[in-house]
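Data first, discussion second: the structure below is written as structure tokens.
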Protein chains: 2
Amino acid sequence: MKLTSKGRYAVMALVDLAKFDNFNPVSLRDISLRQGISLDYLEQIFSKLKKNEIVKSIRGTHGGYVLNKNPNDIKLTNIFHAVDEKVKTVQCKKESKKGCNGKSTKCITHNLWDELEIHINTFFENKSLKDLINNNKETRV
Amino acid sequence: MKLTSKGRYAVMALVDLAKFDNFNPVSLRDISLRQGISLDYLEQIFSKLKKNEIVKSIRGTHGGYVLNKNPNDIKLTNIFHAVDEKVKTVQCKKESKKGCNGKSTKCITHNLWDELEIHINTFFENKSLKDLINNNKETRV
DNA sequence: CTAATCTTGACCATTTTAGTCAGGTATGTA
DNA sequence: TACATACCTGACTAAAATGGTCAAGATTAG
């Protein structure tokens, strides 16, 4: 199971981005300064977000990024998937002689991890960027 | 967030153990062979399980381990906690000048990870070793 | 033209993971 | 008492993942 800072940074950056309208692109430099994330690292992350059509890029001076979708339609699942955060629990090695497939029976914890994965994914599928923005406003008071 | 094979092995071994009565201790060697887990690694894991009073050890010939509690009272939370699997999402660095605490506002994703953590922990608190044993019987047919 | 910005890919130090290895110590059995 | 079985402990390590940095370009507004 993986949920690392790359995923967290992606979410932070997108929430930041979502606060602006779609006519003035936001530069990574600004996000970097506001969120305290290394610019070079942000570039890697946004490259992936763009490939997954979550953001659009505008090149050149005063360029930057804008959201490519309505914040309500960007689910956390989409974001994590884009930056390769697999919400996957430890898998039984499928090729191995040992464990899950070497024996006639299924590995005894197999169903457990399946269940957990569904549990977590459901959580992420039901959370959108918009939820986070609202949530943030509330707690900022 | 961490959920690695150490946690999975612990669960596999305990489910294995739970299939036997508490009068005949089960040796790690047997578990090692049945589950395909390195004996040396199992010893590390069981050392921790013992410290957390999840299993009892019997030394000497024909020794081994037995459960120290009713399978119904051993929750997955207990097991993961015992082997240091922290069900923790990526934290904002508390000391850092950047991110969460360097600014006057809370990091914008802070609440999200809190929520997720609760979500996952709830899942593990509600699953006991007994649930896994039953589940395993069903799917074995 | 040039400065700002996105784009791409290679590189790397550190930490974590998933163990191995090498010795113990305790105890039942012959 | 000897010995085999099994627990116990700590040090060590190869490989992978993490969280970046660095360098060199391509694009476009002004």
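The sequence lines fix the lettering, A, B, ..., with proteins before strands; numbering per chain opens at 1.
Between B:Arg29 atom CZ and D:dT5 atom C1' there is a gap of 9 Å when expressed in whole angstrom units. In this structure, A:Lys51 atom NZ and C:dT8 atom C1' are separated by 9 Å, rounded to whole Å. Atom NE2 in B:His62 sits roughly 15 Å away from atom C1' in D:dC7 (whole-Å rounding). We find that CD1 of A:Ile45 is positioned 16 Å from P of C:dT8, with the value rounded to whole Å. Here the C1' atom of nucleotide C:dT8 and the NZ atom of A:Lys48 are 13 Å apart, to the nearest Å. Between B:Tyr41 atom OH and C:dC21 atom P there is a gap of 15 Å when expressed in whole angstrom units. Look at CG on A:Asp40: it is 15 Å from P on C:dT5, rounded to the nearest Å. Put simply, NZ on A:Lys50 is 17 Å from P on C:dT5, counting in whole angstrom units.
By the 30° and 60° cut-offs, the orientation of the rings of B:Tyr9 relative to B:Tyr41 is perpendicular. Ring-plane geometry between A:His119 and B:His119 is classed as parallel, the angle between the planes falling under 30 degrees on a 0 to 90 degree scale with a further cut at 60.
Looking only at distances, a side-chain donor or acceptor of B:Asp21 sits under 3.5 Å from a matching main-chain atom of B:Asn24.
Closest to the side chain of A:Gln44, out of D:dA29, C:dG28, D:dG20, is D:dG20. Candidate nucleotides C:dG19, C:dT20, D:dT21 were compared by shortest atom distance to the side chain of B:Ser5, and C:dG19 ranks first. If you check C:dA10, D:dT9, C:dT8 against the side chain of A:Ser47, the one that comes closest is C:dT8.
If you check distances only, the side chain of B:Glu43 never reaches the base of C:dT20 with a donor-acceptor pair under 3.5 Å. Contact annotation: side chain of A:Arg59 to base of D:dA26, donor-acceptor pair present below 3.5 Å.
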**Request:** Apply the test side chain to side chain contact (heavy atoms under 4.5 Å, CB included) to residues B:Leu33 and B:Arg29: give CA-CA distance (whole Å), side-chain angles for both, the deciding distance (0.1 Å), then the verdict.
**Result:** CA-CA 6 Å; B:Leu33 290 173; B:Arg29 207 178 69 89; 4.0 Å; yes

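Contact between the side-chain N/O atoms of A:Ser27 and the OP1/OP2 oxygens of C:dA4 is not found at any separation under 4.0 Å. Using a 4.0 Å cut-off, some side-chain N or O of A:Ser57 falls inside it from OP1 or OP2 of C:dT7.
Residue-level contact check: B:Tyr65 touches the backbone only, with heavy atoms under 4.0 Å from sugar-phosphate atoms and none from bases. Within the 4.0 angstrom heavy-atom criterion, only backbone atoms of the sugar-phosphate kind lie near A:Val26; the bases stay farther away.
Nearest-nucleotide mapping onto DNA chain C: of A:Gly64 and B:Gly60, the residue sitting toward the 5' end is A:Gly64.
No salt bridge links A:Lys69 with A:Glu53; every basic N to acidic carboxylate O contact stays at or beyond 4.0 Å.
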